[in-house]
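Below: one structure, written as structure tokens.
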Amino acid sequence: MIHSLFLVSTAGHIFLEKHWKSVISRSVCDYLFEAQGKASAPENVPPVIATPHHYLISVYRDRIFFVAVIQTEVPPLFVIEFLHRVAETFQDYFGECSEASIKDNVVIVYELLEEMLDNGFPLATEANILKEMIKPPTILRSVVNTITGGRELRSVFAWSVAQGSGSSNVGGTLPTGQLSNIPWRRTGVKYTNNEAYFDVVEEIDAILDKSGTVVFAEIQGVIDACVKLSGMPDLTLSFVNPRLLDDVSFHPCVRFKRWEAERVLSFIPPDGNFRLMSYHVNAQNLVAIPVYVKQNVSFFETGSSGRLDITVGPKQTMGKTIEDVVITVHMPKVVLNANLTTNQGTSTYDPVTKVLVWDIGKLNQQKVPNLKGSLSLQSGAPRPDENPTLNIDLRIQQLAISGLKVNRLNMFGEKYKPFKGVKYVTKAGKFQVRT
Amino acid sequence: VFSIKSYSALNLYSCSLKNEDLKEMLESNKESLKLEAMKRIVGLIAKGKNASELFPAVVKNVASKNIELKKLVYVYLVRYAEEQQDLALLSISTFQRALKDPNQLIRASALRVLSSIRVPIIVPIMMLAIKEAATDLSPYVRKTAAHAIQKLYSLDPEQKEHLIEVIDKLLKDKSTLVAGSVVMAFEEVCPDRIDLIHKNYRKLCNLLVDVEEWGQVVIITMLTRYARTQFLSPWREDALFDENSEKAFYDSDVEKEKADSKPYMMDPDHRLLLRNTKPLLQSRNTAVVMAVAQLYWHLAPKQEVSIVTKSLVRLLRSHREVQYIVLQNIATMSIQRKGMFEPFLKSFYVRSTDATHIKTLKLEILTNLATEANISTILREFQTYVKSQDKQFAATTIQAIGRCATNISEITDTCLNGLVLLLSNRDETVVAECVVVIKKLLQTQPSQHSDIIKHMAKLLDNITVPMARASILWLIGEYCERVPKIAPDVLRKVAKSFTSEEDIVKLQTLNLAAKLYLTNSKQTKLLTQYILNLGKYDQNYDIRDRTRFLRQLIVPNEKSGALSKYAKRILLASKPAPVLESAFKDRDRFQLGTLSHTLNAKASGYLELSDWPTVAPDQSVRNVEVMEPQSLERQPSTRGSDLFAYHLLVLLCSDSDDAKEKKRPKPKLDSVSSHSKASSSSDNTASSGSESEEDTDSDSEPEQKKKKKLRTALCEFQAAPSIRVSSPVFVPPKSHELLHRMSGKGLAVSYHFPRQPCAYSHRMVSVQLTLTNGRDQPLEDICVGEAGPPGIAIHRFATIERLQPEASITVSMGIDFNDSTQAANFQLCTKTDQFSVSIQPAVGELLMPVTMTEQDFLKEQGQLTGMNESSVTITIAPDSMSSQPVGRKVVSVANMGVVPSSQNSIHRFAAKTVSSGSLVLSSVVLQEASTAKLVVNTEKTVLGSVLLRELKTALSQG
């Protein structure tokens, strides 16, 4: 399967290589560089490249190319999914996945890769198992959540395993999970405070056209959990309105059969942070768009200038406050500078990246935030014929915009009484307004 | 403190000395230094720097007790063993010993590393290790064995047949841990042996949900291929039904008709597969979802395929690379089955933040999904894209519009008008693409579009993109009769710029000239002549060729012959319109979700999906007899149970070893075993060193002095001189016959000495017996019966309950030969027979190697003189004069350790007898004229003289 792995920085520097079979020369990466040269941005490099003797399957994230070298037929998604797991594992271990953090922890990285693949076939990819075998760099540290970036979960996940000497970062035992049918959970978990938190996070993906009409809108949600329960708890989570859920995907711990029959989530949770499920809300339900945007961006034919006027206000908010509103605009290349005034928040224009960011903050009913002013264009250049799209970011606490509600959480298999909590958040996903 | 200081000091040295430092650190006694050195070496490997010269220094630490150090050494070993094959062999015995370890983690990791060392000479050892691990009690070790199969296969494909046997055995395994790995091995080694799958098919289907996600992908892919060879097509019904429906409707005898056509019944096993894979569509792993989707696409009845749609659309929320692959597969699917994705049309709308390749694929899908009903929505969406800042994307959108226009004739005019409007776009790429697409559209619509052609003729002044210019010229030439006024003028303009045009434009200019010459020669004759003259001297030979050809064709002269009569019909023949097709049209020849599908080319190792069989193969092959009770293993059937049982299996390797050591009372006789513990540890600090000295020298030294010495040793970190049991040098095992097939009534037994410390008692030599059943019936209850003579103790192997015909099994036993070469006699019993056999040990096998310093060797040798010394002068074979062959020859005869020697001409070897632990020293002093003096010192004089004789024979042979 996976023959070798190369980690390459955007600048084309190969800073790590690992081979699971015989050694393949790093010159194979030249094909990637060639493709990178053709692409306008690293994101545009095709993920699968055929070379005369090998195939390169690569993933670009966190400014690093993860390049897997393949010699024979393999499902490309298999490799891509694995490479993302590798990146997530690094993120989990080092707090960030960057060239610097990987270089600093090269021995741990190597030990991890050694455990994650045997002869190019995935062996242990569960964070719980890996952490039993290879300890993260510092003993007591706040582990940034792999999946959410840690912003959602309120408690700091402390790696609380008592360990003998600090010098060795390799565990001596075979992780129990490897041997059981519950590979995601280690045995012998013990907490003094037993708690289970669930975050229902929904994202609105929408495209609005010039006039504000909805071209496309849907709701995607996830339930992230932070479960710190002793022993081997068996949990059941039920919803008030499970019919809302149209399409779901689960962490391997969730029992499919129970879901199909009773629409409840029954599972033995991993220890710590994990994503329990992701879902898509039934397409028939109309999506409530929480904000309205009035905009007018125009470029003048003469005088190399343009005008910009954007107003944002709350629409269907179900009585909650909309927070953290940020509007990002990728301006056409010819826009040299922006001279803008706003009555709320701050706006910045980066003339190098051509990105305008308007950080508004909270939306009030009384005062409607507005941003207006003039844009100066490169003189002599033709007027851009497309107006830029606005990307909107927002957050509504204590609301799942679809109306999904958790009914209750039951625990079996253990005697103590855990502390339970559910939190709802709505965010903007890929929320674009065309102008 | 010491280590930190020295490390930072070492750090200051110059780069060229770096490896020397590392060597020094590795050879030090401090474990922390060794670990630090290994970490730095791993850092070098990670950067792709060459660290192979450190091999000898690194490989010494392979038996270290520190797990992290050991793991790093493994990393190094696997990386460089291929380059340093001879040295790598030094480590083999460590792994062989670890394969017998009670801790499954150690067994598994030993097998992992042993099988990753790509050294051909150890193939038989790997084979044996895999066979043994495949029957291990621990499913984790069996999983490792499955992985090792592929490694051995790539190292030596000739082992295929033996490996298939192991695969067959492991396929029967009921552990979810093993299933994915063994199917992977099956796919690599023998994907064509589907007969091995039959009996396991249902089990695999049922286990699938509980297998780990990576294994699921592999199993699903394999089962897809399997199902296509074993089940009847579920699509056949539709076809049959369609054909017959009309007939059946009018036919009065409906009953009879039905009986003839034999209604299709889905094989229950086929249904089982579909049913058991369906829940996996909900997996979080995108590869699993894709695997199930392709399974449904290739195996499910047409009406059921659409259940995968939602899940595939869900994957579009995932990472960019995932989107890319999923969109490609959707593109292929959407050509054949529009209906599947039409309800999700909006999910394929392009966002300005999408990567270029994602945008292109989304456009492709939107175009595939276009119907009369939704085209207006799609076109409106396309209009937005045409205005995109990403001009390449805008150009692709125009191509897409062109395709929609040809596919749906109602909108052709609308599209054409829209495209003409775009001709006034400011961006050249957009305009050029428009021209190309309009050209194609006009060809499909040979009605009057002279306005558009005129409009395009005007564009020629401004457009510089060669492809667009060429397209315009071609259009005007092709339809020159519709625009008789402007065509000659266009020709005039391009004649002026001919020399500076691109090649494709020149070719089209020539075409235009020729066509005009034929239709309007009055106005264009001179212009054409001019252009033909320019073309004649062009640098490009294609253009010169074309010029020559056209001149002959259109300008009549004597030589031109009959063809010129038909010039007009040749050049102005009505041409078929180009078909605008999806790039994904033929992609469905590849199995979906594969690399080959993504590349649109056969990747190496791609396995074709066979066509459905026309006649159903025998269904009963998958029937499994009533479950035999599983004697060895208990498998948890549902998630969550039996965890604790497994937990108990887990032993902390280092800690438990230490604990055992402490608890066990240490009798004096145990010294050998405690030596072996000390040596297998890399913890060569003073404590273990002095401990062993305490053991060896205890008779001669007074108690107090000893204690004082221990204390000073601890204080000064000075390794005390010591004699330690070391791991044996690897030699290929020599097999001896114990029982011949003829005299054993079909049972053949051979034995060899694996040179490993015996697990049963430290006084015993371990012996491995390989029993083979040459009969055509199974042999039952094979065991060891009476044994003798009285001085020799035997540890029997466990009774073998059943040995199948042609099967063989390897068992190990321990024999305490009491340091004599007397044969051990015992009876080998089967249920029906008894055979007397005897094992005559070679004297060299009664030893275990030790290491010591040269000084210690000389000191010990000095004490073993007189009648304890035997010596002989021998004539040595000329090729043995160098150090390597001498060492190899000695070691192949006797299990001795090499003692470092400061002189090249003297070779020293040391060992202890297994049973009593007496020291055996041997030295070979090379002299002039291929003679050598061979000396053996030991208090076991009989043994010494026998050893001397055997060494003499070995060394004097060529």
Side-chain angles (χ1 to χ4, degrees), chain A residues 14 16-17 22 26 43-44 46-48 50 55 59 71-78 80-81 84 106-107 110-111 114 118-119 121-122 167-170 172-174 176 178-183 187 207 216 220 232 234 247-252 256 268 280 332 382 385-386 389 430 432 434, chain B residues 39 42-43 46 48 67-68 71 75 105 112 118 140 147 150-151 176 184 210 212 214 217 279 282-287 290 310 314 317 319 321-322 324-325 346 349 351-352 355-357 384 387-389 426 593-596 598-599 603-606 636 639-640 643 646-647 650 652-654:
Chain A
I14 303 168
L16 188 117
E17 63 179 71
S22 45
R26 50 166 66 197
E43 288 84 3
N44 292 341
V48 182
Y55 306 98
V59 152
Q71 270 189 326
T72 51
E73 173 62 53
V74 62
L77 270 188
F78 187 98
I80 289 169
E81 177 83 24
H84 278 292
V106 70
V107 174
Y110 239 68
E111 284 166 349
E114 190 70 26
D118 181 15
N119 195 35
F121 188 77
S167 66
S168 166
N169 50 11
V170 172
T173 43
L174 179 64
T176 48
Q178 250 326 14
L179 293 173
S180 72
N181 259 3
I182 313 181
T187 50
I207 302 174
F216 165 78
Q220 306 278 353
M232 196 55 65
D234 196 334
D247 179 58
V248 287
S249 72
F250 299 123
H251 189 276
F256 291 121
I268 294 172
H280 177 265
D385 41 21
E386 195 205 29
T389 28
K430 294 171 180 167
Q432 297 193 336
R434 293 175 177 167
Chain B
K39 284 184 173 175
V42 167
I67 295 185
E68 185 170 22
K71 278 193 175 173
V75 168
L105 171 68
R112 253 184 90 179
R118 289 168 294 270
Y140 184 68
H147 287 191
Q150 306 162 47
K151 301 182 205 169
T176 51
M184 188 66 227
D210 288 323
E212 38 83 38
W214 309 108
V217 179
Q282 260 60 58
S283 171
R284 66 165 172 176
N285 187 314
T286 58
M290 189 64 230
K310 261 184 204 170
R314 183 185 71 230
R317 286 272 300 171
H319 300 284
E321 297 83 7
V322 174
Y324 174 70
I325 305 291
K346 290 186 173 177
Y349 279 8
R351 293 162 192 285
S352 55
T356 312
H357 47 263
T384 331
K387 285 187 278 177
S388 164
Q389 287 173 36
R426 231 176 295 117
T594 58
L595 181 62
S596 305
T598 292
L599 296 169
S604 63
Y606 174 74
R639 290 174 168 180
L643 224 137
Y646 280 106
H647 185 44
V650 177
L652 194 141
C653 62
S654 61

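Naming convention: chains lettered A, B, ... in sequence-line order (proteins, then strands); numbering from 1 in each chain.
With Arg314(B) contributing its side chain and His280(A) its backbone, the two residues share no donor-acceptor pair below 3.5 Å. Here the side chain of Arg112(B) pairs no donor or acceptor atom with the backbone of Asp118(A) at under 3.5 angstrom.
Contact count versus chain B (heavy atoms, under 4.5 Å) is highest, among Pro122(A), Ala50(A), Pro75(A), for Pro122(A). Between chain A and the residues Glu321(B), His357(B), Gln150(B), Lys310(B), the largest count of heavy-atom pairs under 4.5 Å involves Glu321(B). Taking chain A as the reference chain and counting heavy-atom pairs below 4.5 Å, the highest number among Gly605(B), Ala355(B), Gly43(B), Pro279(B) is found for Pro279(B). No other option in Val106(A), Val59(A), Ile14(A), Val74(A) has as many heavy-atom pairs under 4.5 Å with chain B as Val59(A). Among Asn119(A), Asp234(A), Ile207(A), Thr389(A), the residue making the largest number of heavy-atom pairs under 4.5 Å with chain B is Asn119(A).
Looking at Tyr606(B), both its backbone and its side chain come within 4.5 Å of chain A, counting heavy atoms on both sides. Contact annotation for Phe250(A): both backbone and side-chain heavy atoms come within less than 4.5 Å of a heavy atom of chain B. Of the two parts of Ile80(A), only the side chain, counted from C-beta on, holds a non-hydrogen atom closer than 4.5 Å to a non-hydrogen atom of chain B. In this structure, chain A has heavy atoms under 4.5 Å from both the backbone and the side chain of Val322(B). With a threshold of 4.5 angstrom between heavy atoms, Arg351(B) approaches chain A through its backbone and through its side chain.
Side-chain contact between Asn285(B) and Leu77(A) is absent, with no heavy atoms from C-beta onward closer than 4.5 Å.
A pairwise comparison of heavy atoms in Pro76(A) and Thr598(B) identifies CG-OG1, 3.5 Å as the closest pair. Contact record, Tyr110(A) with Ala46(B): CE1-CB, 3.4 Å, taken as the closest heavy-atom pair. The two residues Pro252(A) and Arg284(B) have their closest heavy-atom pair at CD-NE, 3.2 Å.
Every residue two or more places apart in sequence or in another chain was checked for a side-chain hydrogen bond (donor to acceptor under 3.5 Å, both in side chains) with Ser283(B), and none qualifies.
Ring pair His319(B)/His84(A) is parallel by interplanar angle, where below 30° counts as parallel and above 60° as perpendicular.
For the 3.5 Å distance criterion, the side chains of Thr286(B) and Glu81(A) qualify, holding a donor opposite an acceptor. Side-chain contact annotation: Glu73(A) with Ser596(B), donor-acceptor N/O pair under 3.5 Å present. Side-chain contact of Ser604(B) with Thr72(A): a donor-acceptor pair under 3.5 Å is absent, judged by distance alone.
For Trp214(B) and Phe78(A), the ring centers are positioned less than 6.0 Å apart.
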